[in-house]
Amino acid sequence: MSQLIIADVEEGTETLVFQSERLVESPNWTPDGRWLVVNSEGKLCKILADGSGDLEPIDIGDVQGVNNDHVLSPDGERVYFSALGHLYCVSLAGGDVRRVSNVHAAEERYSYWLHGISPDEQTLAYVSVEPEGNEPRARRNIATIPAAGGPDNQVTEGVNDYDGPEYSRDGKWIYYNSEEAATVKGHAQIFRMRPDGTERRQLTFDARVNWFPHFTPDGREFVYISYPPGTISHPADMDVELRILPADGGEPRTVVKLFGGQSTMNCNSWAPDGKRFAFFAYPSTM
């Protein structure tokens with residue numbers, strides 16, 4: 001079961017606004033507070049944030065295979081999303097989809113996983129995915145590309161485990177998760193760096209496995225998914241916690257415990273009031 005839930009951080013409440021036996025994933029909240037953008041069964045959809053309606057498909061033409069990596073433009077007029085290894089943009093109203101990413105040679109097996117957009121909407125931050133040996137996703141690095149289309153800019157290099165890049169609200173930092181300081185395979189933590197890859201700093205240090213930092217609208221804090229110690233990558237169907245941490249680091253606090261993980265909150269889902277965020281839980285129907 002996919003359950004779309006609104007967490008009120010100030011009140012400490014959780015409100016179920018939608019549920020479905022379909023797999024529905026990764027909400028984004030529009031800046032006007034009206035809509036949540038999600039994906040389901042390879043399609044991009046929106047739903048009224050108060051739960052008063054059903055899923056409404058967003059017309060993306062013949063593009064297929066939309067996944068749970070999508071973000072909104074700062075004004076909420078456009079949705080940038082990943083589908084079958086490429087990046088696209090479409091208006092919230094739909095019907096004008098365009099490809100942003102570049103076409104690489106088939107033998108490169110290069111894929112784009114979108115996660116962040118700069119505050120001025122000029123640049124997208126994504127995970128560049130390339131093979132190494134027999135492993136098709138061994139090289140996972142952070143890269144950027146102009147939102148209007150243009151050259152790929154590789155920020156990190158090598159056989160790495162970087163993911164979840166998101167810009168700080170002032171655009172001066174990219175926050176992300178990686179295993180660059182790990183002594184145990186799969187032990188991702190939250191870091192930040194300048195958009196050019198300099199001044200890297202680790203922000204979480206616990207025994208848990210931490211993924212996908214997402215900023216509050218005022219930029220003072222971010223929420224992230226925290227997995228149990230020993231987790232490899234960011235799987236689905238686990239008991240996880242959603243934790244909040246100050247932007248400069250400090251002591252995290254747990255605000256939600258749920259059964260979920262992958263697709264719960266892969267991209268930013270804060271409400272414009274900064275008091276609430278949306279997420280998906282996936283309880284069993286058995």
Side-chain angles (χ1 to χ4, degrees), residues 4-7 17-18 24-40 43-51 53 55-61 63 66-83 86-101 112-127 144-149 164-171 173-176 212-219 221-225 263-280:
L4 179 55
I5 298 171
I6 305 299
V17 296
F18 172 79
V24 190
E25 305 176 283
S26 195
N28 311 124
W29 209 316
T30 58
D32 62 6
R34 187 180 182 199
W35 296 97
L36 292 166
V37 174
V38 300
N39 62 282
S40 180
K43 302 181 184 302
L44 195 64
C45 305
K46 62 183 180 181
I47 185 171
L48 289 168
D50 62 6
L55 294 179
E56 300 182 18
I58 297 173
D59 180 8
I60 55 172
V63 176
V66 177
N67 69 7
N68 50 31
D69 302 328
H70 38 79
V71 297
L72 294 174
S73 62
D75 62 7
E77 295 295 321
R78 286 162 297 285
V79 187
Y80 293 86
F81 63 97
S82 300
H86 277 284
L87 306 180
Y88 297 88
C89 179
V90 69
S91 68
L92 190 62
D96 57 354
V97 67
R98 64 176 174 87
R99 181 171 52 80
V100 176
S101 53
Y112 297 76
W113 295 350
L114 179 63
H115 279 277
I117 185 169
S118 62
D120 60 7
E121 202 185 343
Q122 294 299 300
T123 309
L124 303 180
Y126 69 94
V127 180
T144 62
I145 188 172
E166 180 166 303
Y167 283 91
S168 60
R169 293 297 182 174
D170 59 10
W173 299 95
I174 291 177
Y175 283 62
Y176 62 99
F212 296 146
H214 303 312
F215 272 99
T216 55
D218 64 12
E221 297 180 309
F222 60 86
V223 65
Y224 62 95
I225 303 175
S263 304
T264 284
M265 196 171 56
N266 285 39
C267 294
N268 197 295
S269 61
W270 281 95
D273 61 16
K275 301 176 182 178
R276 299 167 294 157
F277 61 81
F279 67 93
F280 275 101

Report yes or no: does [X] contribute a side-chain atom to a donor-acceptor pair with the main-chain N or O of [Y] at less than 3.5 Å?
X	Y	value
Asn28	His70	yes
Arg169	Phe215	yes
Ser263	Glu25	no
Trp270	His214	yes
Thr123	Ser118	no
Asn266	Ser26	no
His86	Arg99	no
Ser82	Asn67	no

Closest heavy-atom contact between [X] and [Y]?
X	Y	value
Pro165	Ile174	CB-CG2, 3.7 Å
Tyr80	Leu124	CD2-CD1, 3.8 Å
Pro27	Ser269	O-CB, 3.1 Å
Asp59	Gly61	OD1-N, 2.9 Å
Ala49	Val17	O-CG1, 4.0 Å
Ala278	Ile6	CB-CD1, 3.7 Å

Pair Val38, Phe280 - check side chain to side chain contact (heavy atoms under 4.5 Å, CB included), show working.
CA-CA 10 Å; Val38 300; Phe280 275 101; 3.8 Å; yes
Is the closest side-chain heavy-atom distance between Asp170 and Pro119 below 4.5 Å?
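Not in contact.
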With the side chain counted from C-beta on, respond yes when Phe279 and Ile225 share a heavy-atom pair under 4.5 Å apart, and no when they do not.
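Not touching, per the 4.5 Å side-chain cut-off.
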Distance only, no hydrogens: is a donor on one side chain within 3.5 Å (strictly under) of an acceptor on the other, for Tyr224 and Glu166?
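Glu166 and Tyr224 do not have a side-chain donor-acceptor pair below 3.5 Å.
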For a side chain to side chain contact (heavy atoms under 4.5 Å, CB included) check, start with the C-alpha distance between Leu48 and Arg34, then their side-chain angles and the critical distance, and finish with the verdict.
CA-CA 6 Å; Leu48 289 168; Arg34 187 180 182 199; 3.7 Å; yes
As a test of understanding, state which of Leu87, Val100, Asp69 forms a side-chain contact (heavy atoms from CB on, under 4.5 Å) with Tyr112.
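By the side-chain contact (heavy atoms from CB on, under 4.5 Å) criterion, Tyr112 pairs with just one of Leu87, Val100, Asp69: Leu87.
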Please determine which of Val71, Leu44, Ile47 meets the side-chain contact (heavy atoms from CB on, under 4.5 Å) test together with Val37.
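When Val71, Leu44, Ile47 are each tested with Val37, the side-chain contact (heavy atoms from CB on, under 4.5 Å) holds only for Leu44.
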If you round to the nearest 0.5 Å, how far is [atom2] of [Y] from [atom1] of [X]?
X	Y	atom1	atom2	answer
Thr144	Ile117	OG1	CD1	12.5 Å
Thr30	Glu77	OG1	CD	9.5 Å
Leu72	Glu121	CG	CD	10.0 Å
Phe18	Leu4	CZ	CG	7.5 Å

Pick one: which of Tyr175, Trp173, Phe277, Tyr167 meets ring-ring contact (aromatic ring centres under 6.0 Å, His included) with Phe222?
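Result for ring-ring contact (aromatic ring centres under 6.0 Å, His included) with Phe222: Tyr175.
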Apply side chain to side chain contact (heavy atoms under 4.5 Å, CB included) to the pair Asn39 and Phe81, showing each step before the final yes or no.
CA-CA 10 Å; Asn39 62 282; Phe81 63 97; over 6 Å; no
Dump the intermediate steps for side chain to side chain contact (heavy atoms under 4.5 Å, CB included) on Val66 and Tyr88, then the final yes or no.
CA-CA 10 Å; Val66 177; Tyr88 297 88; over 6 Å; no
